[in-house]
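Sequential numbering from 1 along the given sequence is applied to the chain's residues.
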Amino acid sequence: MISIIICSISPEKFVFVSKNYTELLGNAPFEIIGIHDAQSLCEGYNRGINQSRGDILIFCHDDIEIISPDFYPLLCQYLQVYDVVGCAGTTHLVASNWGFAGDPYMHGTVIYPVTADVWPGTHFDLGVWGGVSSVVVEGIQALDGFFFAVNRRVVNEIRFDEQNFDGFHIYDTDFTFAAYLAGFKLAVCKDILIAHQSRGNYCEKYAAFSAKFMEKYQGRLPVQECNNRQVALAKNLDRVQILRIRDSFRVARS
């Protein structure tokens, strides 16, 4: 069974993303656990874990749409090899944000609506980090939290840190980096294509949680200046065009 845990205060977005999963998973056994009064993402996700029954757990935002029609077989395939999989992350974490290490350590694909205030969208911008030489990138140290999935054994050992991150930032870097440090295998899977309405919100609270993260992992992160970050961006695409680009990734790899 797959347990999908979503913290959401928007009934409209929760209904849309639940319908998206229901259509993609078909007859596969799954449950959707909505947490609608989370005190923080860490608290909400931990509460969802306690309610869950699945061997696979998905943690995601409510403002996403999975574009890949073969999402379910891909997810099962990758979680037979890796413990934690996501759509974007880094092989060299230097700070609380996975993107701060820059190139050549950033990897992933993320889709954003052309017009952020229209959701769900019909046309998108596709961002690709790390090129297309490999569809799956191993050795990942931290993942972006708009979507990642884990095997049950991960949450049997690692939980979200409610004490240090009692808000809505850094929960993802902390959890996935803790899983990496515990010896679990993380990977970015570029052919799991997901649209995400938000492009990030780096406010004053983010800075405060970032400082907590750096203190928590003092001595376990390399001292390094941030490198340049380059992204290959294809703009104003519909879903069919996005999937054609994804198929070209697979041809490039073969």
Side-chain angles (χ1 to χ4, degrees), residues 1-89 108-111 119-121 140 143-160 162 168 171-176 178-179 184 186-198 239:
M1 174 180 280
I2 297 178
S3 297
I4 304 157
I5 303 172
I6 306 171
C7 295
S8 176
I9 59 171
S10 169
E12 295 79 13
K13 289 181 179 179
F14 184 75
V15 167
F16 175 77
V17 72
S18 298
K19 182 174 182 289
N20 184 216
Y21 276 113
T22 299
E23 291 174 347
L24 288 168
L25 294 175
N27 294 325
F30 71 95
E31 61 181 358
I32 298 176
I33 300 170
I35 305 295
H36 306 294
D37 58 349
Q39 299 173 30
S40 67
L41 280 176
C42 287
E43 184 276 329
Y45 280 154
N46 282 338
R47 200 188 329 162
I49 292 169
N50 291 337
Q51 297 177 22
S52 67
R53 298 174 293 154
D55 299 316
I56 293 173
L57 292 85
I58 292 173
F59 304 95
C60 71
H61 293 188
D62 64 354
D63 61 341
I64 68 165
E65 179 187 358
I66 300 168
I67 304 296
S68 299
D70 50 356
F71 167 75
Y72 176 62
L74 284 175
L75 185 68
C76 293
Q77 171 190 332
Y78 290 138
L79 284 174
Q80 289 179 359
V81 180
Y82 307 104
D83 301 300
V84 186
V85 299
C87 300
T109 54
V110 184
I111 303 166
W119 186 259
I140 295 294
L143 291 162
D144 191 289
F146 75 92
F147 171 93
F148 59 83
V150 309
N151 284 308
R152 167 67 66 175
R153 58 181 172 270
V154 177
V155 297
N156 287 342
E157 184 172 339
I158 306 293
R159 291 296 177 101
F160 291 86
E162 299 179 40
F168 297 87
Y171 67 94
D172 48 354
T173 307
D174 177 73
F175 179 87
T176 55
F184 291 108
L186 283 65
V188 161
C189 305
K190 294 183 181 180
D191 51 354
I192 295 179
L193 297 181
I194 298 179
H196 186 208
Q197 182 184 16
S198 172
R239 291 172 177 81

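Distance check, rounded to the nearest 0.5 Å: CD of Q80 to CG of L75 gives 10.0 Å. Atom NZ of K190 sits about 12.0 Å away from atom SG of C87, to the nearest 0.5 Å. Here the CD1-CZ distance, from I194 to F146, works out to 5.5 Å after rounding to the nearest 0.5 Å. Atoms CZ and CE, from R53 and M1 in turn, are 4.0 Å apart once rounded to the nearest 0.5 Å. With values rounded to the nearest 0.5 angstrom, I5 atom CD1 is found 11.5 Å from I32 atom CD1. Taking CD of E23 as the reference point, atom CZ of F71 lies at 13.5 Å (rounded to 0.5 Å).
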Exercise. Can you check side chain to side chain contact (heavy atoms under 4.5 Å, CB included) on Q197 and K13, steps first, answer last?
Worked result: CA-CA 11 Å; Q197 182 184 16; K13 289 181 179 179; 3.0 Å; yes
For this session: Could you please spell out the steps behind the side chain to side chain donor-acceptor pair (under 3.5 Å) verdict for S3 and R152?
Result: CA-CA 10 Å; S3 297; R152 167 67 66 175; 4.8 Å; no
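Put simply, the side chain of T176 gets close to the backbone of L143: a donor and an acceptor are under 3.5 Å apart. D83 places no side-chain N or O within donor-acceptor distance of the main-chain N or O of F184, the cut-off being under 3.5 Å. Proximity of a side-chain donor or acceptor of S18 to a complementary backbone N or O of V15 within less than 3.5 Å is not detected. N151 contributes a side-chain N or O that, together with a main-chain N or O of Y82, makes up a donor-acceptor pair within less than 3.5 Å.
For the side-chain contact (heavy atoms from CB on, under 4.5 Å) criterion with L79, the lone passing option out of I56, I2, L74 is I56.
The shortest side-chain heavy-atom distance between Y72 and L25 falls under the 4.5 Å cut-off. Taking the side chain as every heavy atom from C-beta outward, N50 and R159 approach each other to under 4.5 Å. In this structure, F160 and D174 have side chains that are not in contact, with every pair of non-hydrogen atoms separated by 4.5 Å or more. Counting heavy atoms from C-beta outward, F14 and I9 have side chains that stay 4.5 Å or more apart.
Aromatic pair F175/F148: centroids less than 6.0 angstrom apart.
Across every non-hydrogen atom of G44 and A38, the tightest pair is CA-CB, 3.9 Å. Nearest heavy-atom pair across A179 and V84 is CB-CG2, 4.4 Å. Listed here is the closest heavy atom pair of W119 and A195: CH2-O, 3.8 Å. Listed here is the closest heavy atom pair of L41 and C7: CD2-CB, 3.6 Å.
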Anything under 3.5 Å between a donor and an acceptor, one on a side chain of residues 57-68, the other on a protein residue two or more places apart or in another chain? List them.
from, atom 1, to, atom 2, distance (Å)
H61, ND1, H196, NE2, 3.3
H61, NE2, Y171, OH, 2.6
D62, OD2, S8, OG, 2.7
D63, OD1, H196, NE2, 3.2
D63, OD2, S198, N, 3.3
E65, OE1, R239, NH2, 2.8
E65, OE2, R239, NE, 3.1
E65, OE2, R239, NH2, 3.2
S68, OG, D191, O, 2.9
S68, OG, L193, N, 2.8
S68, OG, R246, NH1, 3.3

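Ion pairing between a basic and an acidic side chain is recognised when a charged N comes within 4.0 Å of a carboxylate O; D37 and R47 show such pairing. Salt bridge annotation for E157-R153: absent, with no cationic side-chain nitrogen under 4.0 angstrom from a carboxylate oxygen.
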